[in-house]
> 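One structure coming up, written as structure tokens, with questions to follow.
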There are 2 protein chains.
Amino acid sequence: MTETTKKFRRRAEARPDEVLDAALSVFVAKGFAAAKVDDIARQAGVSKGTVYLYFPSKEALLEGIVQRAVSPIADRAAPDMAQFEGDPRVPITRLLHMLCGVLTQADTIAIPKLILREVMNFPAIAEMYRRNVLDKVVPVLTGLIARGIAQGYLRPVDPELTIRSVVGPIIAHIALSEIFDIRPIDGLAMERLVENHIDILFRGICADPQEARP
Amino acid sequence: MTETTKKFRRRAEARPDEVLDAALSVFVAKGFAAAKVDDIARQAGVSKGTVYLYFPSKEALLEGIVQRAVSPIADRAAPDMAQFEGDPRVPITRLLHMLCGVLTQADTIAIPKLILREVMNFPAIAEMYRRNVLDKVVPVLTGLIARGIAQGYLRPVDPELTIRSVVGPIIAHIALSEIFDIRPIDGLAMERLVENHIDILFRGICADPQEARP
DNA sequence: TGTAAATAACTGACCAGTCAGTTATTATCT
DNA sequence: AGATAATAACTGACTGGTCAGTTATTTACA
């Protein structure tokens, strides 16, 4: 009997992650409220009792999923933007294309969608996401804009409010597509959206008009 | 006994609306899943059976709320933008300030928030909103941008994608504030946000740079 | 053989939806 | 006008199914 197929795994190192994987797929498919712990257990190849061996409640499963998914996000994007010096268009462009990639793949978009779907019913999720992602990313972005202004790259816009203008259009595009099924005739067109958005944004915030499109 | 205090009302004209009012307040307070039909009935000053006299199911209550709230939205904004000729900045500015007003008042923001909260669990709600609001508003906005380009007011941006750049920042601002409790130190600052956004947007999309700020 | 891991059968709270019965209002008749 | 019949509006106890969480039992490994 191989390591992976044996039914009982003493010490159970891999079990929690497997259960979270199963929970994620069931939550995504049916939503938290309609998801049954029995389904999650079956999907994980385990009985319901085993699920409760590792997680104290159904809600803890949801929190576990978000917890596990959320940490890498900020750690990926934040560091290289934090101490960036120079034209802010470079890291902003990079950020938008990164977002573009993440939100285009079916598997990576699942977690943001799940969070969006349940966040209003579970304040704990909202706070976790805020603490682990937004509180890290928002100040970094704000600082980036502020530095861009100080160094003469950008016009004197309000840095804190301008980050809404940076990411807002992406959010709107995804929301229209994912929630309401509204997208351009030729598909999601994420790349085209980012291009169009960057074109408008940079012309809108750059100090030197003729440099707006490098 | 006055008309309003009598218990039985022939033809029962006002009851459905009262039940929907009650349902709205309970759904907003606890979310659809956690809301009990008994609570809604009590809030409406009526028994549970009466609720089912007027609505076939709990879900029908949610649909009724959205149905009732949704029709006026598009009818308000769309008509005057549909056949507007001239500088598109005028109706866009008007639209953004209108949104600003709607989303700032506690009572009017309740319904969009409820829709956002439940839309992913109830495809029927998503479709209703799309049919009654988005399918009307989106083409009107797209047409407005397209006409602005044709008449030389705007640069040749992609009209369909540019509307994401028009409303996206507002959505991002509201989402940060309402979901994650992230807002500028001095409060929501909705007016300031719109100002900052318009400043960037118009400079970004206008054909004539020095006319960007009229 | 001892024990940790896993199971499957169980429990009890919960609540959407029903329906037989009650009460208020209106219609009809004298 | 008063009395009675008819009906519309409303009630709340009840049911049936669901499902999160628990526990008594079994299994596999050292």
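Just so it is clear, the structure is predicted and the values come from calculations on it, not from any experiment.
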> Between A/Thr162, A/Asp158, A/Val166, which is the residue that forms a side chain to side chain contact (heavy atoms under 4.5 Å, CB included) with B/Ile200?
A/Thr162
> Testing the basics here: between A/Met120 and B/Arg117, what is the closest heavy-atom pair and its distance to 0.1 Å?
O-NH2, 3.5 Å
> So does B/Thr50 get a side-chain nitrogen or oxygen closer than 4.0 Å to the phosphate oxygens (OP1/OP2) of D/dT11?
yes
> Using a cut-off of under 3.5 Å, enumerate the N/O to N/O pairs linking the protein to nucleotides 13-17 of chain D.
none

> Tell me: CG of A/Leu53 to C1' of D/dT23, nearest whole Å?
12 Å
> Given the rule that a pair is Watson-Crick or G-U wobble with both distances under 3.5 Å, how would you write DNA chain D in dot-bracket, using | for pairs to a different strand?
||||||||||||||||||||||||||||||
> Below 4.5 Å, heavy atoms only, C-beta onward: do A/Arg147 and A/Pro88 meet side chain to side chain?
no
> What is the distance from CG of B/Leu61 to P of C/dA16, rounded to the nearest Å?
10 Å
> Hey, does the side chain of A/Tyr54 come within less than 4.0 Å of C/dA6's phosphate (OP1/OP2), counting only N and O?
yes
> For A/His197 and A/Leu96, work out which heavy atoms get closest and say how close.
CD2-CD1, 3.8 Å
> Thinking salt bridges, do B/Asp87 and B/Arg89 make one under a 4.0 Å N-O criterion?
yes
> Is any side-chain heavy atom of B/Ile125 closer than 4.5 Å to a side-chain heavy atom of B/Glu63?
yes
> Could you check whether the rings of B/Phe122 and B/Phe32 sit parallel, tilted or perpendicular, using 30° and 60° as the cut-offs?
perpendicular
> Do you know which two heavy atoms are closest between B/Met190 and B/Cys100, and how far apart they sit?
CG-SG, 3.2 Å
> Does the pair A/Glu195/A/Arg192 count as a salt bridge with the N-to-O cut at 4.0 Å?
no
> Thinking salt bridges, do B/Asp181 and A/Arg130 make one under a 4.0 Å N-O criterion?
no
> Rounding to a whole Å, what distance do you find between B/Tyr52:OH and D/dA9:C1'?
18 Å
> Of all of residues 27-47 of chain B, which get a heavy atom below 4.0 angstrom from DNA chain C, listed by number?
B/Ala35, B/Lys36, B/Val37
> Before you tell me yes or no, could you show the steps for A/His173 and A/Val194 under side-chain contact (heavy atoms from CB on, under 4.5 Å), namely the whole-Å CA-CA distance, both residues' side-chain angles and the distance that decides it to 0.1 Å?
CA-CA 10 Å; A/His173 190 60; A/Val194 171; over 6 Å; no
